[in-house]
**Q** 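Following this message is one structure expressed as structure tokens.
Predicted model only: the values in this text are computed from it and were never measured.
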Amino acid sequence: MKRVSKQEALKLIKEASLEELGRLATIKKRALHPNKITTFVVDRNINYTNICWVNCKFCAFYRHKKDEDSYILSFEEIGKKIEELMEIGGTQILFQGGVHPNLKLEWYEDLVEWIAKRYPDVTIHGFSAIEIDYIARISKVSVEDVLRRLHVKGLYSIPGAGAEILSDKVRDVIAPNKIDVSKWLEVHKIAHKIGMRSTATMMFGTIEKDEDIVEHWEHIRSLQDETGGFRAFIMWSFQSANTELKTQIPEIRKQSANRYLRLLAVSRLFLDNFQNIQSSWVTQGSHIGQLALMFGANDLGSTMMEENVVAAAGVANHMNQDEMITLIKDIGEIPAKRDTAYNILEVYA
Ligand code: SF4
């Protein structure tokens with residue numbers, strides 16, 4: 001199949017019918033996943049701190065050190081959460097902060113080593129590009145040094161968080177203190193080079209134009225051509241409650257299911273070098289999450305035993321493993337539990 005150009009992607013977003021997009025995305029998904037298996041991972045989101053200096057306008061999660069409800073979890077508290085996850089058969093922790101202003105690389109090395117040694121069967125999918133970049137700066141070492149040293153301690157996978165929209169003109173408005181596009185791409189490129197794998201994400205629904213979304217996809221498709229290091233693409237819509245951005249720009253609207261499914265389908269067509277695309281039921285709700293499987297997604301993401309960031313923005317959807325299995329079977333696909341690397345652990349035929 002010929003590669004979709006940026007102009008063609010824009011035309012599809014603006015002009016194609018929803019039905020046609022679902023049809024095309026399903027053809028593409030079936031070509032990559034002919035066995036009709038839809039995967040999910042049992043994991044837990046652990047936010048080791050909510051202290052953050054970056055102050056993104058779209059974020060309702062962060063606190064400053066002086067705030068009463070700011071926190072840093074102790075290693076023991078983190079361990080307890082991991083043990084609860086293991087009790088339900090979980091295999092992955094999505095492990096992210098806040099970008100704490102003072103914690104240096106040695107603290108993160110101790111933490112990763114402590115987790116990896118005690119819980120060797122649990123994968124740390126942790127530390128976004130912005131955390132990695134800041135750890136490098138405050139520790140006065142390079143990004144590559146941070147990644148190599150954490151890799152040695154047991155970090156093999158980093159999440160795509162912090163990408164938002166990979167267009168500097170959008171980032172300058174919604175997250176002016178965050179790393180720019182080239183830095184986000186550089187962190188992932190170095191991670192891939194040293195043997196780590198990562199995911200790519202996108203948050204839409206603030207001030208971006210369709211052109212910015214396609215620019216975002218172009219950036220990650222090009223890097224994937226170069227390194228092959230992204231395991232999956234995950235996109236979700238901005239959740240506005242309790243955010244500064246919603247106060248500043250009240251005309252920002254909640255994104256419709258139609259918009260989410262259209263963009264998801266075009267992402268499946270454009271990102272032809274991404275094997276896996278996740279549905280984002282956490283932001284869209286379980287039924288749109290299920291529909292997403294008919295618009296290109298082949299993975300229902302995670303059971304999210306604990307979710308704090310989206311919940312802080314007023315959205316609290318929940319799903320356990322049995323509900324996921326039911327939703328997948330409902331549309332005639334075969335559910336399977338996977339690990340972080342998308343290896344199948346158990347099939348529920
Ligand atoms: S999105 Fe992340 S980096 Fe931005 S303020 Fe929230 S916690 Fe900090």
Side-chain angles (χ1 to χ4, degrees), residues 3 5-7 9-10 52-59 62 96-101 105 108 125-151 155 157-236 238 245 263 267 270-274:
R3 184 161 251 197
S5 69
K6 285 163 76 173
Q7 292 69 26
L10 277 172
C52 186
W53 61 268
V54 184
N55 304 344
C56 297
K57 293 180 192 170
F58 59 82
C59 178
Y62 74 88
Q96 305 179 105
V99 184
H100 193 286
L105 179 54
Y108 291 93
H125 180 50
F127 309 114
S128 62
I130 184 162
E131 287 166 279
I132 302 282
D133 174 65
Y134 186 71
I135 296 166
R137 286 196 281 138
I138 192 168
S139 310
K140 300 193 169 31
V141 297
S142 68
V143 163
E144 182 159 346
D145 283 341
V146 172
L147 288 167
R148 283 193 186 281
R149 283 170 60 176
L150 293 179
H151 194 203
L155 180 69
S157 180
I158 66 173
E164 326 314 351
I165 291 289
L166 291 172
S167 158
D168 283 330
K169 68 178 189 294
V170 176
R171 302 172 80 75
D172 285 349
V173 175
I174 68 172
N177 298 330
K178 228 167 197 172
I179 55 176
D180 64 11
V181 172
S182 63
K183 182 57 83 173
W184 188 95
L185 292 166
E186 183 196 332
V187 171
H188 284 265
K189 185 172 173 175
I190 295 170
H192 298 169
K193 184 182 89 178
I194 69 167
M196 287 181 170
R197 290 292 169 260
S198 69
T199 54
T201 65
M202 180 179 93
M203 183 193 76
F204 68 98
T206 61
I207 59 156
E208 80 283 341
K209 305 253 183 301
D210 290 346
E211 286 73 7
D212 301 314
I213 288 173
V214 175
E215 181 185 333
H216 180 111
W217 291 338
E218 175 69 24
H219 281 306
I220 58 175
R221 185 170 77 173
S222 297
L223 184 55
Q224 183 75 329
D225 277 344
E226 199 180 326
T227 67
F230 289 121
R231 284 190 171 124
F233 172 67
I234 310 121
M235 54 170 252
W236 61 86
F238 170 50
L245 193 61
L263 292 178
S267 77
F270 191 87
L271 298 174
D272 54 6
N273 50 6
F274 278 68

**Q** Within the 3.5 Å criterion, strictly below it, is a donor on N177 or N55 matched to an acceptor on the partner's side chain?
**A**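 No, N55 and N177 have no side-chain donor paired with an acceptor closer than 3.5 Å.
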
**Q** Does the D172 side chain pair with the main chain of K169, one donor and one acceptor, at a distance under 3.5 Å?
**A**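 No, because the side chain of D172 does not come within donor-acceptor range (under 3.5 Å) of the backbone of K169.
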
**Q** Measure from the side-chain N and O atoms of E131 to the backbone N and O of G97, and report whether any donor-acceptor pair falls under 3.5 Å.
**A** yes

**Q** With sequence neighbours excluded, give me every ring-ring contact (aromatic ring centres under 6.0 Å, His included) pair touching residues 130-150.
**A** W53-Y134

**Q** Taking salt bridge (charged side-chain N to carboxylate O under 4.0 Å, His left out) as the definition, give me every residue that meets it alongside K183, ordered by chain and number, with sequence neighbours left out.
**A** D133, E186

**Q** If you round to the nearest 0.5 Å, how far is CD of Q224 from CG of N273?
**A** 5.0 Å

**Q** For L105 and V146, which heavy atoms make the closest approach, and how far apart are they?
**A**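 In this case the closest contact between L105 and V146 is CD1-CG1, 4.0 Å.
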
**Q** Given side chains that start at C-beta, do those of Y62 and V54 come closer than 4.5 Å, heavy atoms only?
**A**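 They are not in side-chain contact.
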
**Q** Which pair of heavy atoms, one from H188 and one from G160, lies closest together, and at what distance?
**A**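 That would be CE1-CA, 3.9 Å.
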
**Q** Quick one: closest heavy-atom pair of M235 and L263, and the distance?
**A** CE-CB, 3.5 Å

**Q** Can you tell me how far the CG atom of D212 sits from the CZ atom of R171, to the nearest 0.5 Å?
**A**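 The distance works out to 11.5 Å.
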
**Q** Between atom OG of S157 and atom NE2 of H151, what is the distance when rounded to the nearest 0.5 Å?
**A** 10.0 Å

**Q** Determine whether F238 and I174 satisfy the following criterion, side chain to side chain contact (heavy atoms under 4.5 Å, CB included), listing intermediate values before the conclusion.
**A** CA-CA 11 Å; F238 170 50; I174 68 172; over 6 Å; no

**Q** At their closest point, which heavy atom of I158 faces which heavy atom of A191, and how far apart are they?
**A**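 Nearest heavy atoms, I158 then A191: CD1-CB, 3.9 Å.
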
**Q** Does a side-chain heavy-atom distance below 4.5 Å link K193 with T227?
**A**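 A side-chain contact is absent here, since even the closest heavy-atom pair is not under 4.5 Å.
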
**Q** Listed by chain and number, what are the ring pair (Phe, Tyr, Trp, His ring centres under 6.0 Å) partners of F127, not counting sequence neighbours?
**A**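 By the ring pair (Phe, Tyr, Trp, His ring centres under 6.0 Å) rule, F127 matches Y48, F95, Y108.
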
**Q** For S128 versus A161, what's the shortest heavy-atom pair and its separation?
**A**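 Looks like CB-O, 3.4 Å.
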
**Q** At what distance, to the nearest 0.5 angstrom, does CD1 of I234 lie from OG1 of T199?
**A** 4.0 Å

**Q** Pair K6, W217 - check side chain to side chain contact (heavy atoms under 4.5 Å, CB included), show working.
**A** CA-CA 9 Å; K6 285 163 76 173; W217 291 338; over 6 Å; no

**Q** I'd like to check D272 versus R221 (side-chain heavy atoms, cut-off strictly below 4.5 Å). Are they in contact?
**A** yes

**Q** Apply the test side chain to side chain contact (heavy atoms under 4.5 Å, CB included) to residues M202 and S267: give CA-CA distance (whole Å), side-chain angles for both, the deciding distance (0.1 Å), then the verdict.
**A** CA-CA 10 Å; M202 180 179 93; S267 77; over 6 Å; no

**Q** Quick check on K189: does its NZ atom have over 12 non-hydrogen neighbours (other residues, nucleotides or ligands) under 6.0 Å away?
**A** no

**Q** What distance do E208 atom CD and I213 atom CD1 have between them, rounded to the nearest 0.5 Å?
**A** 4.5 Å

**Q** Could you measure the distance from the CD1 atom of I190 to the OG atom of S142? Nearest 0.5 Å is fine.
**A** 7.0 Å

**Q** With side chains defined as the heavy atoms from C-beta onward, is the minimum distance between P159 and Q96 less than 4.5 Å?
**A** yes

**Q** Less than 4.5 Å apart, side chain to side chain, heavy atoms only: is that true for T201 and W236?
**A** yes

**Q** Under 3.5 Å, is there a donor-acceptor pair between the side chain of D145 and the main chain of A136?
**A**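 No: the side chain of D145 does not pair with the backbone of A136.
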
**Q** What's the shortest heavy-atom distance between W184 and A129, and which atoms?
**A**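 For W184 and A129, the tightest heavy-atom pair comes out as CD1-CB, 3.7 Å.
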
**Q** Taking it one step at a time, do E215 and I165 satisfy side chain to side chain contact (heavy atoms under 4.5 Å, CB included)?
**A** CA-CA 9 Å; E215 181 185 333; I165 291 289; over 6 Å; no

